[in-house]
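The next block holds one structure in the form of structure tokens; read it before the comments.
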Amino acid sequence: MRAIEAAAIALVYAVAVGMLASTAARQAVAVHHVGVERAVAYALLKCQNLTCFNHTVRQVAGAELHTGGAPAALKPRTFVSYGAVIYTPAITLAQPPPTAPTPWWDTAWRYARRVTVTNTAPGTTWWNTAMLYRLPVTLTSSNALSDQQVLITINTQSLIAAGKMRGDCGDIRVIDSDDRTELPYWVEPGTCNTQATRLWARIPSVPAGSKTIYIYYGNPSATSQSDASRVFARVIPNLQALFRLDEGSGTTTRSDPGSPSTYTGTLVNGPTWNRVGYGWSLWFDGLDDYVEFGNILNFAGKSLTISAWIYVEQLPPSGYTYPFIARRQPSGSYNADYLVEVTSSGAICFTYAKAGTYNWYGACTPGGLVAANRWHHVVATFDSSTTRVTIYVDGVQRASSVTGQQLTSNSGAVLRFGHTWYTGNNKWYKGVLDEVAFLDRALSPAEAADLYSYYAYTTANYKGYLLLGKPPAGLSISLGSEQLQPSPALDVTGYPVPVTIDTQSLIAAGKMRADCGDIRVIDSDNKTLLSYFVEPGTCNTQATRIWVRVPSIPANSTVHLYMYYGNPSATSLSDPSVLLVYEDFSKPPSGSLAGSATYDSANRRVQLTPATTNQLGYLYYTTVPRSPQGFYARFYLWVGGGTGGEAVWLGAYDTSYTGTREDVVNGGYHFTFDEYQDRVAFTKSTVDNGAPIAMARQADIDNSAWRLAEVYFWYDGAKACARILLDGATKVYACDPQPQQNVRSGTGQLVIGGRTGSATNYHRVGTVLLIAKYYPTVSAAVGSEAQRPLTPPEQGVPQLPPIVVAPSITGVRVHASP
């Protein structure tokens, strides 16, 4: 940056801005390559506002005008060349970095673009490097939430089949949005290795809006930390039946799937489904509504807990009760196995009769605990070990009594909600009933309090348990794409950087030769010509791919190159040797053929195997990528002859191709397109049909057509990773945490192999075979176009007349001298 006190700006900056050059004095004069002072003077003539002034100075002198706060003390400054004595405030002109190369490499080229090559690891944090993969999970909520249980459904079957996750899901970990805090999680039993694995996590907070948490996996040495008791506020066992009353329509209701057994009740005389409470509930009209279940839930000789939410529209008349849950003998009998009711005083009673007698036992709370038109939670328990009856209302113990009598079963007793058969002092229940649960043990005071405070989740995969947590919050849950553990940046040398540019528009505009022959790429010193290769068939397209060999790209650095074009007289220097391997099969391949492989010049391809039983053919190269150990490969394969075609594969870093097959590796890795096993695989197996590192099912490989195969492979010092594509679609994306020795040392061969299984099968490779160094942290971006600067004579620029600027009492007077 150079600071220049701008000439020709008046006494006070505010006055100058307001008075910049009167209309009569403005002149539209073309100016090029003049000093900053003269540019300012020209801008004063042209502009009436600061925006125009800044723009003009930037255009003329490549400078930027900056002001900060009030003007500094004024001081005189004489510019002899302009013959003017003026005053200037504190204004700084900052010179920005040029967009065009300086100096211009070769004036025979009219245009240039800066290519920025970066070699930096992504800024993504990674919780634990022992985990190879993660899934981002976005939680969206309209309200802020805290300590929330969240159910996430994922397909672990595909992850386990691909070799990315332990078969027991034991390597799953759930990490908070800070990518540091491990969160409690629980995988529902029986759902691992399915397409709908149910994973619960306890999230400390979710803001109003969204946040992203992560599911990590891919560590074969990890052991499960799945634990329901850490996810939920409390896990209550011994559930026998839960009736959520959530059907919302129809004339029957069923017990929740989390109940050990399925029970069905019939709605009699029209109880109404009501959208209040948790989901739906049932409203009873107080006249004749009830639900009948039949002879179920007999707790004779056992402990018992009954839990329910009630909303009484009005208390019963004096001396009467509303029995809302009752198991009792049919009409004509006074005997009840158990009965829960609300009294006219607002008390809750839990009573039962000894079978065959009219002897009643139980307890009642004080009155005034249940108010009309309010929700209340009722828990009534019986402990068979002590014969104690305890009643809780809204989480608080309100009654307790030792009865000395066990529960019994009266003959023919049936369960009803909303009424009992006895019509003496019992009335039909008038109000709403919801979330009715039966357990065969007496809950503790703490459990009863939690059952009031939390929502009770259940699942068919964990029958007989109430899982207490925050109520469902209406969260939106979306799974992102799988992410691979990022690799660190490494020093790379002799690296062919792929640069993509739209040459179609440049050629159409007359700026580039139609054959792209005038492209040149210059190193960061703006002197050294770099080798490059324009992929055939991509010139004059919107995605021309140019491979540029960069001598050195240090880790965590940026290198600036310059791509020049716009010289019609230039001829192409495109050179395929920039790549490790490039074959278009117009001539015999530079690699060696072995086994059954032959070159077919007429069809420009290599026939790896003929239609003969048990053939092995190879095209191999006695070199592998080093510094870095990684490559990108692209080739076309053909598998014909129907089923039994075996496979085509790319082998890398094998000590020798001899004896290798698709699944028999010799020190390196194979990337297989296996018709016999209907899969695409990444393997280091040493036995035929051995288990791969990762794989994906693919049933149509033997379709007698050219298929595009692509492989990205890299070794980052800790793991070896591969991404395998077929016809542009990613099939395998995985890492090996225990890399092969040949990869670590950078030794071995590159091999394209084919194997037949039957007499009708054959394999080909053709069209193109391209292999280049690859490492995932290296990327390139092309900047905007810059044009070679033209001299004033080239533009016909007139001389700018002398400028005189002088202060006046009323403002700034500007005029051009004759």
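Just so it is clear, the structure is predicted and the values come from calculations on it, not from any experiment. In what follows, residues are counted from 1 in the order of the sequence shown.
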To the nearest 0.5 Å, what is the distance between CZ (Arg374) and CD1 (Ile310)? 11.5 Å
Would a distance-only check, ignoring hydrogens and angles, find a side-chain to backbone donor-acceptor pair under 3.5 Å from Lys731 to Met695? no
Is any side-chain heavy atom of Arg173 closer than 4.5 Å to a side-chain heavy atom of Gln225? yes
Between the side chains of Gln677 and Asp663, is a donor N or O closer than 3.5 angstrom to an acceptor N or O? yes
What are the two closest non-hydrogen atoms of Ser685 and Ala691, and how far apart are they? CB-O, 4.0 Å
Does Tyr216 have any ring pair (Phe, Tyr, Trp, His ring centres under 6.0 Å) partners at least two apart in sequence or in another chain, and if so, which? Trp126, Trp127
Sequence neighbours excluded, the answer for side-chain contact (heavy atoms from CB on, under 4.5 Å) partners of Thr194 is Thr191, Thr197
Residue pair Ile348, Val342: steps toward the side-chain contact (heavy atoms from CB on, under 4.5 Å) verdict: CA-CA 5 Å; Ile348 295 293; Val342 58; 4.0 Å; yes
Ignoring hydrogens and angles, state whether a donor on the side chain of Gln698 or Asp700 is under 3.5 Å from an acceptor on the partner side chain. yes
Looking at His376, is its backbone amide N or carbonyl O close enough to the side chain of Asp394 to form a donor-acceptor pair, meaning the two atoms are under 3.5 Å apart? no
Less than 3.5 Å apart, any donor N or O on the side chain of Asp337 or Asn410 sitting next to an acceptor on the other? yes
Determine the sole option in Glu435, His377, Glu447 for which the side-chain hydrogen bond (donor to acceptor under 3.5 Å, both in side chains) test with Ser307 is passed. His377
Could you walk me through whether Tyr462 and Trp200 pass the ring-ring contact (aromatic ring centres under 6.0 Å, His included) check? CA-CA 13 Å; Tyr462 203 47; Trp200 291 85; over 10 Å; no
Using a distance-only test with no angle check, is there a side-chain donor-acceptor pair under 3.5 angstrom linking Trp280 and Glu247? no
Interatomic spacing from OG in Ser255 to CG in Leu239 - rounded to 0.5 Å: 9.0 Å
Tell me whether Lys470 contacts the main-chain N or O of Ser146 through its side chain, where contact means a donor paired with an acceptor under 3.5 Å. yes
Consider only side-chain N and O atoms of Tyr263 and Gln240, and report whether a donor and an acceptor are under 3.5 Å apart. no
Should the pair Asp440-Lys302 be classified as a salt bridge under the 4.0 Å nitrogen-to-oxygen rule? no
When you look at Ile325 and Leu415, which way does the side-chain contact (heavy atoms from CB on, under 4.5 Å) test go after all the steps? CA-CA 8 Å; Ile325 298 171; Leu415 178 66; 4.3 Å; yes
Less than 4.0 angstrom from a charged side-chain N to a carboxylate O is my criterion; do Arg134 and Asp179 meet it? yes
For Thr262 and Arg254, does a side-chain donor sit closer than 3.5 Å to a side-chain acceptor? no
How long is the gap from CD1 on Ile203 to NZ on Lys211, to the nearest 0.5 Å? 6.5 Å
Is it the case that the side chain of Thr403 and the backbone of Thr387 share a donor-acceptor pair, with hydrogens and angles ignored and the cut-off at 3.5 Å? yes
Does Trp186 use its side chain to pair, donor to acceptor, with the backbone of Arg202 at less than 3.5 Å? no
Mind checking the OG-CD spacing from Ser385 to Gln406? Nearest 0.5 Å is all I need. 8.5 Å
Can you spot which of Leu451, Val379, Leu443 makes a side-chain contact (heavy atoms from CB on, under 4.5 Å) with Tyr392? Val379
Is it the case that the side chain of Asp178 and the backbone of Arg180 share a donor-acceptor pair, with hydrogens and angles ignored and the cut-off at 3.5 Å? yes
Cut-off 3.5 Å, side chains only: do Asn219 and Arg166 have a donor facing an acceptor? no
What pairs with Asp288 under salt bridge (charged side-chain N to carboxylate O under 4.0 Å, His left out), at least two apart in sequence or on another chain? none
Reference residue Ile306; test side-chain contact (heavy atoms from CB on, under 4.5 Å); the match among Ile391, Leu297, Val340: Val340
So, applying ring pair (Phe, Tyr, Trp, His ring centres under 6.0 Å) with Phe417, which one of Phe293, Tyr429, Phe324, Trp428 is it? Phe293
Donor-acceptor check, side chain of Thr390 to backbone of Ser400, threshold 3.5 angstrom: yes or no? no
Give a yes or no answer on whether the side chain of Tyr278 reaches the backbone of Tyr455 with a donor-acceptor pair at less than 3.5 Å. no
Looking at every heavy atom in both Leu475 and Ser141, which two are closest together, and how far apart are they? CD2-CB, 3.5 Å
When rounded to the nearest 0.5 Å, the distance separating CG of Leu439 from CG of Leu466 is 5.5 Å
Looking just at side-chain N and O atoms, do Ser224 and Ser226 make a donor-acceptor pair shorter than 3.5 Å? no
Keeping Gln485 on the side-chain end and Thr129 on the backbone end, is there a donor-acceptor pair under 3.5 Å? yes
Approximate separation, where rounding is to 0.5 Å, of Ile236 CD1 and Leu468 CG: 4.0 Å
Can you confirm if the aromatic rings of Tyr352 and Tyr361 lie within a centre distance of less than 6.0 Å? yes
So, Ser229 versus Asp227: side-chain donor-acceptor pair below 3.5 Å or not? yes
Under a 3.5 Å distance rule, please check whether Asp171 uses its side chain to pair with a backbone N or O of Pro220 as donor and acceptor. no
How far apart are the closest heavy atoms of Thr381 and Ala442, and which atoms are they? CB-CB, 3.9 Å
